[in-house]
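Heads up: the structure comes next, in structure tokens.
We use all heavy atoms of the structure for the numbers below, so side chains are in, but hydrogens, waters and symmetry mates are not.
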Amino acid sequence: MSFSGDAKRELCRDSLQRSCCARAEAYGVLLYCNTFTSQEVRIITENEEFAQRLPKLFQRAFRVAFDRLPEEDGNRGKLILQMTDGEKLSRIVDALGYDPRQNLVLHINFGLLEEDCCRAAFLRGAFLAGGSVTDPGKRYHLELATSHLQASRELDALLRDMGYAPKSVVRGGYQVTYFKSSEQIEDLLTAMGAPVAAMELMNAKVEKDLRNDVNRRVNCDAANAGKVVDAAQEQLEAIGRLHEMGRIQTLPEKLKETIVMRETYPELSLSELAMEFDPPISKSCLNHRLRKLVELSKQ
């Protein structure tokens, strides 16, 4: 099961209570389905829950039934619902405010989407028919694709009026409206009626951020460990040169003590090594002593 399929199954569990919202959802389906003309409506889907929802949705929205249902052809792959009856199509066209005497140029009739609930229902229908959302564990991407240019432009305007910031692209003859912001996708899924999917996306984002934070910390710790090793190596080499020059015995007692401690604990950082002294000394004091030893070894 894909994340997109699960989100659509969740949306299909939303009840069909208000007729205005049912009409708005069916409107979104029609503008983003495979075929919507004055001669035919054809909706092809692989989602069984969506295919089961459509007859009830169109009955509630327009009081019409499909002329062809998936169970009639026994096809278990692509589920096809079709309507070709002229009287039914005229009823749909008239309900959506189009002029049946003119060429059917599909655009959004904003008069049908004045209420927030109807706008959310319209987006739900558009997503069910022509939308998809990527598994958030991989990346953040939600899109709505239609072959109708004017409808796509007006959807963009509708989304912006609702506070979203969509992007658009033409792909394979389709007008694609898409989002890549995880916050925007969360809000959109919630508005359409899929809060569980939105929560899964939020959880995936938290896990991803946590994983990235751990990786950054590990890389930072590795880099710091490398610096500690390099610094200790330089100090030990300096001490070795002082031994070769026979200068150890001429050094002050504090520097002699520092040499003994560094040779005893070559793996410790400055902070850790400073705590091994008795009594402990400050990190800056130890750093000063070690730098002095390095300088002496170069003289």
Side-chain angles (χ1 to χ4, degrees), residues 1-18 21-36 41-61 66 69-71 75-82 113 117-148 151-152 155 158-159 162 164 166 171 174-182 184-205:
M1 292 185 183
S2 68
F3 179 76
S4 188
D6 289 341
K8 290 187 176 184
R9 276 184 282 274
E10 183 182 359
L11 291 174
C12 288
R13 289 195 289 269
D14 195 78
S15 60
L16 300 170
Q17 296 180 350
R18 302 182 61 181
C21 292
R23 181 178 59 185
E25 182 178 331
Y27 194 8
V29 170
L30 289 168
L31 291 181
Y32 278 77
C33 72
N34 304 84
T35 305
F36 176 34
V41 167
R42 178 181 296 182
I43 304 169
I44 303 175
T45 180
E46 295 180 353
N47 191 298
E48 293 185 4
E49 286 82 356
F50 180 41
Q52 293 169 4
R53 181 179 179 84
L54 284 168
K56 294 179 287 186
L57 176 65
F58 275 67
Q59 183 62 40
R60 177 67 169 153
F66 284 94
L69 295 173
E71 59 265 23
N75 189 341
R76 292 187 173 275
K78 299 290 186 179
L79 305 174
I80 302 173
L81 296 92
Q82 187 178 31
L113 307 177
C117 58
C118 293
R119 290 184 171 194
F122 176 82
L123 294 175
R124 179 167 59 246
F127 179 76
L128 286 170
S132 64
V133 59
T134 303
D135 184 343
K138 300 176 180 177
R139 61 191 178 106
Y140 307 125
H141 184 89
L142 183 148
E143 68 178 40
L144 302 163
T146 180
S147 58
H148 308 297
S152 178
L155 175 71
L158 175 66
L159 287 166
M162 295 173 67
Y164 298 99
R171 186 197 309 138
Y174 282 85
Q175 311 295 322
V176 180
T177 302
Y178 67 94
F179 297 88
K180 288 190 175 295
S181 163
S182 60
Q184 295 261 291
I185 297 173
E186 290 167 14
D187 292 344
L188 193 57
L189 287 171
T190 302
M192 289 190 297
V196 174
M199 184 62 68
E200 289 182 17
L201 191 152
M202 284 187 275
N203 290 338
K205 181 182 177 183

Summary of salt bridge (charged side-chain N to carboxylate O under 4.0 Å, His left out) pairs that have at least one residue in residues 137-147, sequence neighbours excluded: Glu143-Arg171

Ring pair (Phe, Tyr, Trp, His ring centres under 6.0 Å) partners of Tyr140, counting only residues at least two apart: none

Tyr27: what forms a side chain to side chain donor-acceptor pair (under 3.5 Å) with it, not counting sequence neighbours? Tyr98

Polar side-chain atom of Thr45 near backbone of Ala51 as donor-acceptor pair, under 3.5 Å: no

To the nearest 0.5 Å, atom CD1 of Ile185 lies from atom CG of Leu142 at 5.5 Å

Per side-chain contact (heavy atoms from CB on, under 4.5 Å), Asp6 is matched among Glu10, Arg9, Lys8 by Arg9

How close do Val176 and Ala145 get, counting heavy atoms only, and between which atoms? CG2-CB, 4.1 Å

What's the separation between atom CG in Leu79 and atom CD1 in Ile44, rounded to the nearest 0.5 Å? 10.0 Å

Please find the pair of heavy atoms, one from Phe36 and one from Leu30, that lie closest to each other, and give the distance. CB-O, 3.4 Å

Ignoring hydrogens, what is the shortest heavy-atom contact between Thr146 and Leu31? Give both atom names and the distance. OG1-O, 2.7 Å

Report the residues that fulfil side chain to side chain donor-acceptor pair (under 3.5 Å) with Lys180, sequence neighbours left out, ordered by chain and then residue number. His141

For Asp135 and Phe3, which heavy atoms make the closest approach, and how far apart are they? CA-CB, 3.9 Å

Residues two or more places apart in sequence or in another chain: which of them pass side chain to side chain donor-acceptor pair (under 3.5 Å) with Glu49? none

For the atom pair CZ (Arg53) and CZ (Arg13), what is the distance rounded to the nearest 0.5 Å? 11.0 Å

From Leu159 atom CG to Leu144 atom CG, the distance as rounded to the nearest 0.5 Å: 7.0 Å

Would the distance check show the side chain of Ser4 and the main-chain N or O of Val133 forming a donor-acceptor pair, the cut-off being under 3.5 Å? yes

Go through the structure and list residues passing side chain to side chain donor-acceptor pair (under 3.5 Å) with Arg42, not counting sequence neighbours. Glu40

How far does NE2 of His148 sit from CG of Leu155, to the nearest 0.5 angstrom? 12.5 Å

Could you pull out all donor-acceptor pairs under 3.5 Å where a side-chain atom in residues 117-126 meets a protein atom, sequence neighbours excluded?
| unit_1 | atom_1 | unit_2 | atom_2 | d |
| --- | --- | --- | --- | --- |
| Arg119 | NE | Leu113 | O | 3.0 |
| Arg119 | NH1 | Asp161 | OD2 | 2.8 |
| Arg119 | NH2 | Asp161 | OD2 | 3.1 |
| Arg124 | NE | Glu25 | OE1 | 3.1 |
| Arg124 | NH1 | Met192 | O | 2.7 |
| Arg124 | NH2 | Glu25 | OE1 | 3.2 |

Could you walk me through whether Leu69 and Leu81 pass side chain to side chain contact (heavy atoms under 4.5 Å, CB included), step by step? CA-CA 5 Å; Leu69 295 173; Leu81 296 92; 3.8 Å; yes

Please name the pair of heavy atoms, one in Phe58 and one in Ala26, separated by the smallest distance, quoted to 0.1 Å. CE1-CB, 4.2 Å

To the nearest 0.5 Å, atom OH of Tyr164 lies from atom CG of Leu188 at 5.0 Å

Evaluate whether atom OH of Tyr174 has more than 12 neighbouring non-hydrogen atoms of other residues, nucleotides or ligands under 6.0 angstrom away. no

Heavy-atom pair with the smallest gap, counting every atom of Phe50 and Leu128: CE2-O, 3.5 Å

List the atom pairs, with distances to 0.1 Å, where a side-chain N or O of residues 197-205 and a protein N or O form a donor-acceptor pair under 3.5 Å, not counting sequence neighbours.
| unit_1 | atom_1 | unit_2 | atom_2 | d |
| --- | --- | --- | --- | --- |
| Asn203 | ND2 | Met199 | O | 3.4 |
| Lys205 | NZ | Ser182 | OG | 3.2 |
| Lys205 | NZ | Glu183 | OE2 | 2.3 |

